[in-house]
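Treat the numbers as computed from the prediction; the structure is a model and nothing was measured. Naming convention: chains lettered A, B, ... in sequence-line order (proteins, then strands); numbering from 1 in each chain.
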Number of protein chains: 2
Amino acid sequence: MLTIGKLGEAAGVKVPTIRYYEQIGLLPEPERSAGNQRLYGSKALDRLAFIRHARDLGFPLEAIRDLLSLSDKPDQSCAAADIIAKEQLEAVKARIARLTALKAELERMITQCAQGTIADCRVIEVLSDHALCADDHRPKPGAGAESGATT
Amino acid sequence: MLTIGKLGEAAGVKVPTIRYYEQIGLLPEPERSAGNQRLYGSKALDRLAFIRHARDLGFPLEAIRDLLSLSDKPDQSCAAADIIAKEQLEAVKARIARLTALKAELERMITQCAQGTIADCRVIEVLSDHALCADDHRPKPGAGAESGATT
DNA sequence: CTAATGTCTCTAGCAACTATAGCTTCAAGG
DNA sequence: CCTTGAAGCTATAGTTGCTAGAGACATTAG
């Protein structure tokens with residue numbers, strides 16, 4: 001039986017984070033010692049490692065919650081898990097594309113900022129001017145109010 | 001003169017976000033109409049577009065605050081802006097590397113999850129097992145408690 | 001037995017917004 | 001001129017995924 005500190009050490013997760021996961025229902029309430037301290041078995045360690053990994057891979061906690069509920073009934077089809085993973089993959093690809101554009105932009109900014117004064121420097125300008133921007137996040141002309149998801 | 005709604009539309013920023021930026025001091029307090037409504041000129045639009053771009057490029061608001069303070073005094077050296085951009089570039093490169101590893105992991109997971117049942121599916125397994133993980137976030141054996149600054 | 005560490009609960013804070021409530025102001029139509 | 005509906009106002013609370021602190025109790029090493 002592990003105390004919360006040992007568990008956190010074993011899984012690479014901080015102690016308050018474990019309590020947080022319990023609080024939001026990702027981890028079940030563990031046994032308690034005579035003195036009311038949490039005691040965990042190896043199953044809790046597995047589950048926590050799972051969560052830790054999934055978080056490292058960028059899964060939001062809600063997706064992890066779904067994944068865990070799937071793993072709790074292993075006789076079902078894994079199509080649902082597959083879908084979750086694929087959604088994450090798409091999100092990750094989008095993030096990479098975005099960051100790559102961003103990297104080019106920053107490199108250009110740095111190249112053009114050749115130790116002059118800011119008046120000569122385009123760092124500010126690049127960020128102010130839509131026309132210089134590789135990305136097309138400007139409001140489309142005639143698109144009206146886009147009150148939708150900006151995330 | 002633009003109302004807050006028009007400004008938001010023009011810059012692609014939601015209205016409450018503009019008020020939030022004002023609240024935290026990224027945007028100056030604008031003029032008000034007779035009826036106490038905010039009125040913005042084109043300088044505010046530039047500034048907001050700047051912020052929007054910088055946010056899109058992943059700059060934290062504090063870095064943007066620095067950048068804005070630089071652009072407010074354009075006779076100084078742009079070395080400081082250069083440093084900020086370089087720091088961001090490093091962070092961006094790191095994020096791309098991390099996401100690329102992550103993408104490989106997810107693709108592997110999806111490949112191995114070949115529409116069987118979860119018992120046959122490695123999505124869960126991949127996330128449970130450290131040994132299958134490309135990343136090395138497990139606690140080093142013999143490293144003891146890493147109670148140091150994790151942030 | 002004592003001292004130091006670990007754990008307990010609870011609350012508050014971080015970034016960077018977003019959403020709600022309840023009111024006032026503005027612009028356009030009748 | 002007046003009404004109506006959208007847009008604006010302030011203020012507060014919620015979101016996500018934790019992290020940090022206070023003050024009290026438990027456990028363990030010496």
Side-chain angles (χ1 to χ4, degrees), chain A residues 1-27 29-40 44 48 50-68 88 91 144-151, chain B residues 1-27 29-40 44 48 51-66 68 88 91 95 137 144-151:
Chain A
M1 284 298 184
L2 300 163
T3 62
I4 196 169
K6 300 293 175 191
L7 177 70
E9 218 176 294
V13 171
K14 288 182 191 155
V15 167
T17 305
I18 297 171
R19 290 197 276 249
Y20 170 70
Y21 286 160
E22 179 184 327
Q23 188 191 315
I24 64 171
L26 276 190
L27 291 175
E29 295 187 15
E31 289 179 57
R32 297 288 183 130
S33 73
N36 198 37
Q37 301 195 349
R38 291 170 180 82
L39 290 179
Y40 298 91
L48 185 54
F50 179 100
I51 297 170
R52 169 79 207 272
H53 270 107
R55 288 293 304 136
D56 279 352
L57 289 177
F59 288 86
L61 287 182
E62 280 316 298
I64 295 171
R65 197 188 293 277
D66 293 346
L67 247 13
L68 280 171
Q88 284 304 314
E146 50 150 47
S147 48
T150 318
T151 344
Chain B
M1 283 299 185
L2 299 164
T3 61
I4 196 169
K6 301 291 175 194
L7 177 70
E9 219 175 294
V13 172
K14 287 180 193 158
V15 167
T17 305
I18 297 171
R19 289 197 276 249
Y20 168 72
Y21 287 161
E22 178 184 327
Q23 188 192 315
I24 63 169
L26 276 190
L27 290 174
E29 294 187 16
E31 287 180 59
R32 297 288 184 131
S33 73
N36 198 36
Q37 301 194 349
R38 289 170 180 82
L39 290 177
Y40 298 92
L48 185 54
I51 296 171
R52 168 81 207 272
H53 270 106
R55 288 295 300 136
D56 279 351
L57 291 176
F59 289 86
L61 288 181
E62 280 317 297
I64 294 171
R65 198 189 292 278
D66 292 347
L68 280 170
Q88 285 303 316
R95 271 197 268 173
H137 44 222
E146 48 154 45
S147 50
T150 318
T151 326

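- In this structure, the nucleotide among dG8(D), dT19(D), dC18(D) sitting nearest to the side chain of Y21(A) is dC18(D).
- Under 4.0 angstrom from either OP1 or OP2 of dA7(D) there lies no side-chain N or O belonging to R38(B).
- Taking only side-chain atoms of R32(B), from C-beta outward, the nucleotide of dT10(D), dT19(D), dC26(C) with the closest atom is dT10(D).
- Remark on DNA chain D: of its neighbouring residues A34(A) and R19(A), the 5'-side contact belongs to R19(A), judged by nearest-heavy-atom nucleotide.
- Checked against dG17(D), dG8(D), dC8(C), the side chain of V15(B) finds its nearest nucleotide in dG8(D).
- For P16(A), the listed nucleotide lying nearest its side chain is dT19(D); candidates were dC18(D), dT19(D), dG8(D).
- For L61(B), whose side chain is taken as the heavy atoms from C-beta onward, the closest listed nucleotide among dC18(D), dT18(C), dA16(C) is dA16(C).
- Taking the side chain of S33(B) as heavy atoms from C-beta on, and the options dC26(C), dC17(C), dT19(D), the nearest nucleotide is dC26(C).
- Side-chain proximity of P60(A) to the nucleotides dC17(C), dG17(D), dT18(C) is greatest for dG17(D).
- Across the interface with DNA chain D, nearest-nucleotide mapping of N36(A) and T17(A) shows T17(A) to be the residue nearer the 5′ end.
- Between E22(A) and R19(A) there is no salt bridge, since no side-chain N of the basic residue sits under 4.0 Å from a carboxylate O of the acidic one.
- Among dC17(C), dG8(D), dC18(D), the nucleotide with an atom closest to any side-chain atom of I4(B) is dG8(D).
- Between V15(B) and the options T3(B), L7(B), I4(B), a side-chain contact (heavy atoms from CB on, under 4.5 Å) holds for only I4(B).
- For the pair Q37(A) and Q23(A), nearest-nucleotide mapping onto DNA chain C gives the more 5' position to Q37(A).
- Between K14(A) and dT19(D) there is a side-chain N or O to OP1 or OP2 distance below 4.0 Å.
- Between L27(A) atom CG and dC18(D) atom P the separation is 12 Å, expressed in whole Å.
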